[in-house]
Peer 1: 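Handing you this structure, nothing more for now.
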Amino acid sequence: MTDQGECRPVVQTSTKGTAGRGIRRALIGGGIAVAATAVMIGITLPRSASGDDHSGTDGVNAAASGTPGTPTTAATENAAPQGEEKTGRGPLTKAEVDRAKSIALQRNALRSAESVDGGRGPEYVDTDLADSAQPQGDDARRVEVLFYDYGHDQLVKKTVNLTTGEVEQTDTASGMQPPPSADETDQAAQLLIADPLGKGLRTDFKAAGKGTELTKSSQLTLRGIAYNTAEQSGPADLAKCGKHRCVRLFTQVKGGPWIDTTNLVVDLSDRTVGQIAPAQHSH
Amino acid sequence: MRTSTVRRALGTATALLLIPAFLAGAAGSTASAAPAATTATTAAAADCGSTASAVKKTLPNGTTWTMCWRMSGTKGLVLEKIAYQPKNEPQPIKVLASAALAQVNVPYDSGQTEYNDLSDIGFGNTAVNIGASECPGGTISFAYIAQQQRNVKALCTSVLPHGYAYRSDIYDNAGNPKRYTKQGDDLVLFSVSQLGWYEYITQWNFSDDGAITAKVGATGDLSPDDYSGVGTGWPIGKGNRDYSTAHYHSVFWRLNFDLDGSNQAKVQQFDTKKAGRGTGSEILKTSSTDVTKELAGSSALRRWWRVVSTAGKNADRHPRSWELVQQHSDHYDAHAYTSKDVYFTQYRACEQFASGNSDPACASRGTSVNKWVNGESLKHPVMWVNVGFHHIPRDEDQTPMPVHWQGFQLVPRDVTAMSPLTPDDLSGHNGQGH
Ligand SMILES: [Cu+2]
């Protein structure tokens, strides 16, 4: 097991249940952990020890960890599909995503909606291929484009038929919160950095960056987490998250350690910051 | 037809005894079959639109699997049009229209935090590049990930051995002792998603004997800031100081069947109960119940479910079916939707996630699978499998954490009249006395 003394400097912002101890083992950037994956696939836990006995002493996994004679590198690589497909179930291409977005918004659709920064027009969230067994039952390549309207706190789905170039359906709902887009995640970080509750993050960033101040989200590697208290437990003062679009963040110093900010919730609809567990100490 | 008088009993017991081995990658042979059909035609790749998304692999024992793959921002790896073609079948046997993850719920025992890794973050949004050394001998495929606005080396496809397919010391048709044994292989597809410090491997194994194994492996690192105390954590640092918080991973998969090309399928539940003492042992009686309406199912001793084709039979004229094999699962009883082990719902395109469903077209129906089970009759069943794992950290789970896996299998039951791996010599051994 790892001795604390062998660890890299640790950074901690969230304060749940750890009063008095600011220093904890650090987690380093993702690249190193990813590199270990091939080997990890080969390791399974004994049944009695893990409870997750679903792979057991799986021969497949054992083989992956290095059977003599097994090639050690991937034999081939396939490029991502390019351009546009008229039919079929292949992965969406960049060209298709861009086209679906523009079809969804053609003829000034959703112009009364509001984006995350209060601008005119909806906030783009995601694009995905529609389910294969659509009632239409034809071969058309159908795509669902999701937008969020911050003016009305509503999720809007445009079903776009890429074969015909038409919007076939528009569905709207409140209370539904898909994963935040990169832009929404960025906005949330910007709000957090500027908020009094972002003090711990700023302090930890400065410590990790040897004195550099944290002023903008681009100094961080971020991953946004939608936070919907209709779907999970949450404190009373965050109960509006769900009706509002709220985001938590996985936060990492670019090329550096994680800074745990998952106790903090940014409400993008009213541009406030709250916390899940009350602070027990501050940096 | 060949007949053989000298063979070891290959009765039903053989098949049942093999079931615990399913998760070791091998499916038991249902030893009863007619001589299989004639020579196989070459399997066509599934029509996926783009060739880059078609997977077609013939395993060393002659079984071909075909499917289409893509990455969804939220669901991650999505497999579609999955078909199975054993070596003596003239046509691919259609199995699934689509198969994908439907939720990964991770609540911490301290009561302080909870994540819906799939519906709140997304397994495609967080897909990372798979390195060449992570995919030995395989093929790495790129996919465009919209949220990352880049192409990611998202999928590894490879063929890996899984050990014994079978072994049997019996006699050949001339009456001479002979050992029949074969090694089996799987077509393996996986993607990797990085959700903060946790990393998940989404993996599907398609075995040459027809078994489909879905599993999710968690690795990366334990949460760096979730520490609690006795009862809610486990001390992983020196002495009794750093209690890493225990937590759950409840993983859901959504399976939309297309058995023999039809989405109309029957679901049956089987239960085996004690029925009095026989002269030599306890009598156990197995009975089936047709699941004609939507079901929220709980596991129980000797209970299982299967999805039965309405469109195809094997050469023994038994309807083809696929059996859900769930082994150990600790379902999370603090949410309604994680409290059940399996759901069967009538198909709806807008019902995609077991909780946190975010399709506005379904808004009036509620956002979790338990709410969709409302007595509707089941004509086009969608199966939702829930496998829960309560993770109490160990010293050994520290950086990087050894992968912990959870999953289930879908195993052919009467899809072919005998195992597709049966050696030609023994292909006449179908039924009692054949
Ligand atoms: Cu865990």
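In the text below, chain A, chain B and the rest are named by the order of the sequence lines, each starting its count at 1.
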Peer 1: State the OG1-CD distance between Thr367(B) and Glu231(A), to the nearest 0.5 angstrom.
Peer 2: 3.5 Å
Peer 1: Look at Arg70(B) together with Asp128(A) and state whether they make a salt bridge at an N to O cut-off of under 4.0 Å.
Peer 2: yes
Peer 1: Using non-hydrogen atoms only, which part of Ala361(B) is less than 4.5 Å away from chain A: side chain, backbone, both, or neither?
Peer 2: both
Peer 1: For Arg248(A) and Tyr115(B), which heavy atoms make the closest approach, and how far apart are they?
Peer 2: NH2-CD2, 3.5 Å
Peer 1: Do Asp221(B) and Trp258(A) come within less than 4.5 Å of each other through their side chains, counting heavy atoms only?
Peer 2: no
Peer 1: Would you mind checking which part of Ala182(A) comes under 4.5 Å of any heavy atom in chain B, side chain (CB onward), backbone (N, CA, C, O), both or neither?
Peer 2: both
Peer 1: Checking Arg223(A) side chain against Asn125(B) main chain: does a donor-acceptor pair fall under 3.5 Å?
Peer 2: yes
Peer 1: Just by modelled atom types, is the Pro180(A) backbone N or O under 3.5 Å from a matching donor or acceptor in the Gln147(B) side chain?
Peer 2: yes
Peer 1: Testing Asp117(B), Thr126(B), Asp120(B), Thr74(B) one by one against Pro179(A) for a side-chain contact (heavy atoms from CB on, under 4.5 Å), which residue passes?
Peer 2: Thr74(B)
Peer 1: What's the separation between atom OG1 in Thr262(A) and atom OH in Tyr108(B), rounded to the nearest 0.5 Å?
Peer 2: 8.5 Å
Peer 1: Select one option (side chain, backbone, both, neither) describing which atoms of Gln154(A) are under 4.5 Å from chain B's heavy atoms.
Peer 2: neither
Peer 1: So which of Gly73(B), Cys350(B), Gly356(B) has the biggest tally of heavy-atom pairs under 4.5 Å with chain A?
Peer 2: Gly356(B)
Peer 1: Sort Ser119(B) into side chain, backbone, both or neither according to what part of it lies under 4.5 angstrom from a heavy atom of chain A.
Peer 2: backbone
Peer 1: Could you pull out the closest heavy-atom pair between Ala80(A) and Phe142(B), with the gap in Å?
Peer 2: N-CB, 3.4 Å
Peer 1: Select, from His391(B), Gln352(B), His335(B), the one with the greatest count of heavy-atom pairs under 4.5 Å involving chain A.
Peer 2: Gln352(B)
Peer 1: Atom CG in Asn263(A), atom CG in Asp226(B): separation rounded to 0.5 Å?
Peer 2: 9.5 Å
Peer 1: Compare every heavy atom of Tyr144(B) with every heavy atom of Thr93(A), then report the nearest pair and how far apart it is.
Peer 2: C-CD2, 3.8 Å
Peer 1: Looking only at heavy atoms, which two atoms of Pro360(B) and Leu146(A) are closest? And how far apart?
Peer 2: CD-CD2, 4.3 Å
Peer 1: Quick one: does any side-chain atom of Glu114(B) pair with a main-chain N or O of Gln232(A) as donor and acceptor, under 3.5 Å?
Peer 2: no
Peer 1: For Ile392(B), which atoms come within 4.5 Å of any heavy atom of chain A: side chain, backbone, both, or neither?
Peer 2: neither
Peer 1: For Gln112(B) and Ala277(A), which heavy atoms make the closest approach, and how far apart are they?
Peer 2: OE1-CB, 4.0 Å
Peer 1: Between Asp131(A) and Asn256(B), is there a side-chain heavy-atom distance shorter than 4.5 Å?
Peer 2: yes
Peer 1: Give the minimum heavy-atom separation between Trp69(B) and Pro91(A), together with the two atoms involved.
Peer 2: O-CD, 3.6 Å
Peer 1: Name the region of Ser110(B), side chain, backbone, both or neither, that has any atom closer than 4.5 Å to a heavy atom of chain A.
Peer 2: neither
Peer 1: Working to the nearest 0.5 angstrom, can you tell me the gap between Ile276(A) CD1 and Thr113(B) OG1?
Peer 2: 4.5 Å
Peer 1: Give the member of Gly122(B), Gly111(B), Gly196(B), Ala154(B) that has the highest number of heavy-atom pairs under 4.5 Å with chain A.
Peer 2: Gly196(B)
Peer 1: To the nearest 0.5 Å, tell me how far Ser72(B) OG sits from Asp126(A) CG.
Peer 2: 7.0 Å
Peer 1: Counting only non-hydrogen atoms closer than 4.5 Å, does Asp359(B) touch chain A with its backbone (N, CA, C, O), its side chain (CB onward), both, or neither?
Peer 2: both
Peer 1: Is it the side chain or the backbone of Gln149(B) that comes within 4.5 Å of chain A heavy atoms, both, or neither?
Peer 2: neither
